[in-house]
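Take a look at the structure below.
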Amino acid sequence: MTIRRRLVLGCLLLSASAHADPASPVGDWRTFDDRTGRERGLVRITETKEGLAARVLATVDPAEGQHVCEKCTDDRKDSPIIGLEILRGMHRDGDGWAGGRILDPETGSIYQCEMHLEDGGRRLVVRGYVGFSLFGRSQVWVRQK
């Protein structure tokens with residue numbers, strides 16, 4: 001592939017990502033701690049053959065980005081936090097997405113997960129829970145512009 005074609009392809013990909021579909025959670029999201037409200041980092045949601053998945057792109061605290069998931073008990077054990085897949089297997093369910101699992105890298109715990117978009121696709125409410133959604137916690141992620 002010529003350099004010119006690569007540049008054109010790169011520009012098209014950047015343009016497509018800059019105009020994310022507000023009806024889809026695919027894209028980049030700023031994450032916030034649900035207890036403190038403090039910004040934690042940046043996560044990218046992508047579509048895979050198993051459903052939607054999310055990986056950590058960056059952390060606000062550079063020291064956090066140097067950590068690995070020591071407490072993980074599955075294939076993510078000792079994986080670096082940057083690049084860590086924290087969300088797996090989400091599928092469309094009515095007005096939202098459900099059926100997946102979300103990982104808390106601090107504890108290594110994996111929770112059932114559901115999520116839905118608000119505010120015209122600018123906010124994503126992500127809820128992790130055990131058993132019933134009533135017994136869980138929600139975080140609001142903000143779409144990265």
Side-chain angles (χ1 to χ4, degrees), residues 1 6 8-145:
M1 185 180 292
R6 286 182 188 179
V8 169
L9 180 60
C11 289
L12 288 173
L13 289 173
L14 283 173
S15 174
S17 66
H19 301 288
D21 180 0
S24 168
V26 171
D28 295 348
W29 296 89
R30 293 183 5 228
T31 63
F32 299 84
D33 187 291
D34 56 300
R35 292 184 179 124
T36 66
R38 173 176 82 89
E39 186 169 353
R40 297 294 304 268
L42 189 64
V43 169
R44 175 168 291 155
I45 297 178
T46 58
E47 184 112 24
T48 71
K49 62 183 177 183
E50 290 84 25
L52 297 181
R55 290 188 182 275
V56 177
L57 290 182
T59 58
V60 171
D61 179 355
E64 271 186 2
Q66 301 301 316
H67 295 154
V68 297
C69 193
E70 295 173 354
K71 296 184 180 179
C72 291
T73 59
D74 60 8
D75 61 301
R76 296 171 278 201
K77 177 141 182 76
D78 296 325
S79 294
I81 296 300
I82 303 297
L84 185 66
E85 187 176 54
I86 60 167
L87 183 72
R88 293 179 170 169
M90 298 296 290
H91 296 280
R92 171 74 79 175
D93 183 26
D95 290 338
W97 291 263
R101 303 271 188 256
I102 191 164
L103 166 72
D104 178 349
E106 289 182 3
T107 65
S109 298
I110 299 172
Y111 301 97
Q112 292 173 279
C113 186
E114 59 186 37
M115 58 191 189
H116 67 273
L117 292 164
E118 292 182 346
D119 195 22
R122 290 184 287 272
R123 296 168 20 111
L124 181 66
V125 179
V126 181
R127 184 160 186 81
Y129 59 94
V130 176
F132 299 99
S133 180
L134 179 66
F135 304 112
R137 293 186 350 225
S138 293
Q139 289 185 342
V140 176
W141 297 358
V142 176
R143 193 178 294 272
Q144 178 73 17
K145 295 181 182 181

Within the 4.5 Å heavy-atom criterion, are [X] and [Y] side-chain neighbours or not?
{"X": "Arg55", "Y": "Val43", "value": "no"}
{"X": "Asp74", "Y": "Arg101", "value": "no"}
{"X": "Leu84", "Y": "Leu103", "value": "yes"}

Closest non-hydrogen atom pair, [X] against [Y]:
{"X": "Ser109", "Y": "Tyr111", "result": "CB-OH, 3.4 Å"}
{"X": "Arg76", "Y": "Glu85", "result": "NH1-O, 2.8 Å"}
{"X": "Phe32", "Y": "Val140", "result": "CD1-O, 3.4 Å"}
{"X": "Gly136", "Y": "Arg127", "result": "O-NH2, 3.1 Å"}

Can you tell whether the side chains of Glu39 and Arg30 come within less than 4.0 Å, N to carboxylate O? yes
Please round to the nearest 0.5 Å and tell me the distance separating atom CD of Gln139 and atom CZ of Arg35. 9.5 Å
Step through the shown structure and confirm whether more than 12 heavy atoms of other residues, nucleotides or ligands are within 6.0 Å of CG on Asp95. no
Only one of Met90, Arg88, Arg92 passes side-chain contact (heavy atoms from CB on, under 4.5 Å) with Leu52, and that residue is Met90
Taking Met115 as the fixed residue, which of Val125, Ile102, Leu124 is the one that meets the side-chain contact (heavy atoms from CB on, under 4.5 Å) rule? Leu124
Spell out, as yes or no, whether a donor-acceptor pair under 3.5 Å connects the side chain of [X] to the backbone of [Y].
{"X": "Arg143", "Y": "Gly27", "value": "no"}
{"X": "Asp33", "Y": "Thr36", "value": "yes"}
{"X": "Thr31", "Y": "Gly41", "value": "yes"}

Derivation and outcome, side chain to side chain contact (heavy atoms under 4.5 Å, CB included), residues Val126 and Trp97: CA-CA 9 Å; Val126 181; Trp97 291 263; over 6 Å; no
In terms of side-chain heavy atoms, does Glu114 have a donor or acceptor partner in His116 at a distance below 3.5 Å? no
Taking disulfide (SG to SG under 2.5 Å) as the cut-off, I'd like each qualifying pair that reaches into residues 28-86, sequence neighbours left out, listed once. Cys69-Cys72
Step by step, work out the side chain to side chain contact (heavy atoms under 4.5 Å, CB included) result for Ile45 and Trp141. CA-CA 11 Å; Ile45 297 178; Trp141 297 358; 4.1 Å; yes
Excluding sequence neighbours, so at least two apart, what forms side chain to side chain contact (heavy atoms under 4.5 Å, CB included) with Thr59? Val56, Glu64, Ile81, Ile82
